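Keep in mind the model is a prediction, meaning the values are calculated, not measured.
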Amino acid sequence: MDCDQIGTLVDAAIDEHSFSDVVRLRHHGDVIYERAAGYADRANRIPNTLETRYGTYDPFVTGCDAGVSFWSSCRPSEGLEFSVLSNTTDGVWPIVDQIRGSVEG
């Protein structure tokens, strides 16, 4: 697995699809890629950061609903863990496709 290639592909997908939220990838527990993109508050043009929190709580997602797309994958035999969460734009799917293509291809 080429960690730099994954980062390059995910960056391109984020930019192409105007993704607005956070992506974090881990390998054997170490963060190999993380990026916050877009706005936490579009109306006031406040950018997302890795520390962005909404309201007075830290969201913990264990599933999904009609307004949120979430994808998480853990492959213990390879030491890989991926999580992508979005409630805007195309959702997680373009980003997930790039990650999966990099890992599986």
Treating Ile, Leu, Val, Met, Phe, Trp and Tyr as nodes and any side-chain heavy-atom pair under 4.5 angstrom as an edge, say whether L9 and I32 lie in one connected cluster. no

Nearest 0.5 Å, please: how far is CD1 in I95 from CG in D11? 9.0 Å

Of all heavy-atom pairs linking N48 and A37, the shortest is ND2-O, 2.9 Å

Start with the C-alpha distance between R35 and V10, add both sets of side-chain angles, then the distance that settles side chain to side chain contact (heavy atoms under 4.5 Å, CB included), and finish with yes or no. CA-CA 9 Å; R35 178 175 169 192; V10 173; over 6 Å; no

Can you tell if the side chain of L50 reaches within under 4.5 Å of the side chain of E34, non-hydrogen atoms only? yes

So which heavy atom on P94 is nearest to which on A13, and how close? O-CB, 4.0 Å

Distance col, row L25:CG vs I6:CD1, nearest 0.5 angstrom, shows 6.5 Å

How far apart are the closest heavy atoms of G29 and R26, and which atoms are they? O-NH1, 3.8 Å

If you measure from OG1 on T8 to CD on Q98, what distance do you get to the nearest 0.5 Å? 10.5 Å

Which atom pair, heavy atoms only, marks the closest approach of G38 to S20? CA-OG, 3.5 Å

Which heavy atom in F19 sits nearest to a heavy atom in V23, and how many Å separate them? CE2-CG2, 3.7 Å

